[in-house]
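When a ligand or atom number is given, it counts from 1 through the structure's own listing order.
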Amino acid sequence: MKKALQLESIATWLPTASKPVIISGPCSAETEEQMIATAKQIAATGKVHALRAGIWKPRTRPGQYEGAGAEGLKWLVQAKKETALPITTEVANAAHVDACLKAGVDILWVGARTTVNPFSVQEIADALKGVDIPVMVKNPVNPDLELWIGALERLNKAGVTKLAAIHRGFSSFEKGPFRNAPMWDLSIELKTLIPELDIICDPSHIAGNRDLIGMISQKALDLDMAGLMIESHINPDAAWSDAKQQITPSVLAKLVSGLVVRTVSSDNKNFKDTLSILREQIDHLDDEIMQKLAQRMKISEQIGQYKKENNVTILQVNRWEEIISTRLSLGKAMGLNEAFTNELLKLIHHESIQVQTKIMNQAEARV
Ligand code: PEP
Ligand code: MN
């Protein structure tokens with residue numbers, strides 16, 4: 001069932017933004033120098049419409065960098081003065097909202113660890129009654145669409161109409177190639193239920209690894225998302241939070257330039273020929289095959305670790321024979337050529353052995 005929300009699109013509250021809207025900045029504001037230098041380089045790319053930085057960092061485990069707090073907010077405001085870019089940061093409670101409103105933050109966002117909690121979301125909504133400021137709501141950590149919509153509704157009921165959603169992926173027990181499983185279907189479902197809601201993708205938190213950001217960004221655009229929020233830092237490897245997933249402003253500029261923006265006008269749909277529809281299906285399936293393969297190799301790593309700890313040989317002939325015979329008959333039943341299945345299994349097995357050998361030969365890491 002469609003949900004009725006009173007919404008104003010991003011184009012109305014970020015008028016300089018084109019499609020896709022690009023929001024970028026460091027995961028965290030760390031020092032004044034890091035914040036300003038990063039902001040200047042980002043602005044110089046000419047590809048970014050708003051500057052982000054985490055000031056209060058909700059960390060899964062204590063002891064990690066928890067943000068610069070009120071002091072950091074001053075650096076973010078200074079970055080705005082020096083770049084003329086609108087600024088955005090994460091708020092998790094009413095005190096954060098008040099501090100941001102006083103400091104002149106342009107756009108707020110609610111983080112994934114806050115969206116899960118209706119009490120916190122309501123506290124933020126109450127603090128925003130009568131205030132005209134755009135708010136972006138990240139999906140909750142867990143794949144619960146109702147919780148995501150609920151947060152948007154709470155804010156909308158408080159009078160916030162400048163709303164967008166941010167898709168940052170979901171925690172999943174199954175460890176795949178991504179830090180957070182994208183579960184694209186949930187965003188598609190959100191867009192179906194609230195068609196006028198703009199959705200921005202956060203490929204950095206989905207990927208957890210800088211090499212996958214480009215591919216996820218393209219996928220998000222192909223799903224007609226309104227924009228991207230990408231973490232960027234002058235010195236990513238030295239970042240105090242989310243170091244592996246941050247990219248330099250110059251890499252960001254290249255990444256954004258390389259994105260293909262496709263239109264989804266009804267005209268275009270008419271022109272879409274059978275070949276491109278079939279190719280899209282193949283792309284989608286290949287995506288899944290790669291994800292599953294990466295997932296399979298991760299499990300091989302765990303098996304390698306287990307075998308190492310228990311002094312078991314890598315190759316277990318019986319297990320390999322069982323794999324070959326069950327998969328071959330499964331493949332056959334599915335109409336796959338037997339020789340092809342055989343070759344494919346050999347390749348996968350070979351790689352799996354390599355992965356396990358690497359683990360076996362690794363010196364014990366000291367923790
Ligand atoms: C962030 O944007 O740095 C952040 C903490 O994100 P999330 O709430 O998606 O984990
Ligand atoms: Mn981050």
Side-chain angles (χ1 to χ4, degrees), residues 21-30 34-35 38-39 42 48 50-69 72-73 75-76 87-93 96-97 100 105 107-117 120-121 124 134-144 147-148 151-152 155 164-172 178-183 186-187 190 199-210 212-213 216-217 220 225 227-248 252:
V21 173
I22 307 289
I23 301 170
S24 187
C27 176
S28 305
E30 298 163 2
Q34 168 259 5
M35 185 67 237
T38 305
I42 285 177
V48 173
L51 198 58
R52 66 147 278 157
I55 301 295
W56 300 278
K57 302 300 297 177
R59 307 315 302 266
T60 301
R61 307 274 302 272
Q64 298 172 317
Y65 181 56
E66 294 193 333
L73 203 49
W75 311 330
L76 186 57
I87 51 175
T88 179
T89 196
E90 172 174 351
V91 289
N93 57 38
H96 295 164
V97 171
C100 286
V105 173
I107 305 164
L108 306 176
W109 90 73
V110 177
R113 291 164 195 76
T114 305
T115 309
V116 285
N117 184 348
S120 304
V121 175
I124 293 169
V135 183
M136 306 184 289
V137 181
K138 287 202 171 194
N139 65 253
V141 174
N142 52 323
D144 185 340
L147 214 40
W148 199 1
L152 291 157
L155 288 159
I166 301 180
H167 173 216
R168 49 76 80 194
F170 302 87
S171 273
S172 153
F178 303 121
R179 175 179 176 189
N180 292 307
M183 302 187 185
L186 270 96
S187 289
L190 179 65
I199 306 180
I200 291 172
C201 178
D202 172 347
S204 308
H205 288 88
I206 291 179
N209 157 358
R210 61 182 71 111
L212 295 169
I213 297 174
I216 297 166
S217 301
M225 294 211 181
L228 302 167
M229 182 193 257
I230 302 178
E231 287 186 339
S232 177
H233 188 290
I234 29 158
N235 186 0
D237 286 331
W240 297 359
S241 59
D242 291 350
K244 282 197 226 129
Q245 72 194 33
Q246 302 209 55
I247 53 177
T248 60
L252 172 79

Could you check whether any side-chain N or O of Trp148 sits under 3.5 Å from a backbone N or O of Val137, counting only pairs where one atom can act as donor and the other as acceptor? yes
Could you find the nearest protein heavy atom to atom 4 (C) of ligand 1 and give me its residue, atom name and distance? His205 NE2, 3.5 Å
Measure the shortest side-chain to side-chain distance between Cys27 and Arg52 over non-hydrogen atoms and say whether it is less than 4.5 angstrom. yes
Identify the protein heavy atom lying closest to atom 2 (O) of ligand 1, giving its residue, its atom name and the separation to 0.1 Å. Arg52 NH1, 2.7 Å
closest protein heavy atom to atom 8 (O) of ligand 1 is Ala112 N, 2.9 Å
State, to the nearest 10 degrees, the angle whose vertex is the Mn ion (ligand 2) and whose arms point to NE2 of His205 and SG of Cys27. 170°
Just which atoms of ligand 1 are under 4.0 Å from any heavy atom in Glu231? 1 (C), 3 (O)
Nitrogen or oxygen of Arg113 less than 3.5 angstrom from that of ligand 1: yes
Rounded to the nearest 10°, what angle sits at the Mn ion (ligand 2) between OE2 of Glu231 and OD2 of Asp242? 130°
Residue that, paired with His233, satisfies side chain to side chain contact (heavy atoms under 4.5 Å, CB included) out of Gln246, Gln245, Met35: Gln246
Which heavy atom of Ala243 sits nearest to which heavy atom of Asp237, and what is that distance? CB-O, 4.0 Å
Close-contact set for ligand 1 against Trp109 heavy atoms, below 4.0 Å: 2 (O)
Any luck finding a side-chain donor-acceptor pair between Glu231 and His205 under 3.5 Å? yes
Any donor and acceptor pair, going by atom type alone, linking the side chain of Ser24 with main-chain N or O of Ile230 inside 3.5 Å? yes
Do Lys138 and Glu90 touch side chain to side chain, with heavy atoms closer than 4.5 Å? no
Residue part near ligand 1, for Met229, under 4.0 Å between non-hydrogen atoms: neither
Interfacing atoms of ligand 1 (cut-off 4.0 Å, heavy-atom, Gly111): 8 (O)
Subset of ligand 1 atoms that lie under 4.0 Å from at least one heavy atom of Arg168: 7 (P), 9 (O), 10 (O)
Contacting atoms of ligand 1, where contact means under 4.0 angstrom from a heavy atom of Lys138: 1 (C), 2 (O), 4 (C), 6 (O), 7 (P), 8 (O), 9 (O)
The closest protein heavy-atom partner of atom 3 (O) of ligand 1 is Lys57 NZ, 2.8 Å
Numbering as shown, the atoms of ligand 1 that approach Cys27 to under 4.0 Å (heavy-atom distance): 3 (O)
Cys201 and Ala220: which non-hydrogen atoms are nearest, and at how many Å? CB-CB, 3.4 Å
Quick one: are Asn139 and Arg168 in side-chain contact, heavy atoms under 4.5 Å? yes
Give a yes/no verdict on whether any heavy atom in Gly54 is under 4.0 Å from an atom of ligand 1. no
NZ/NE/NH1/NH2 to OD/OE distance under 4.0 Å, Asp242 and Lys57: no
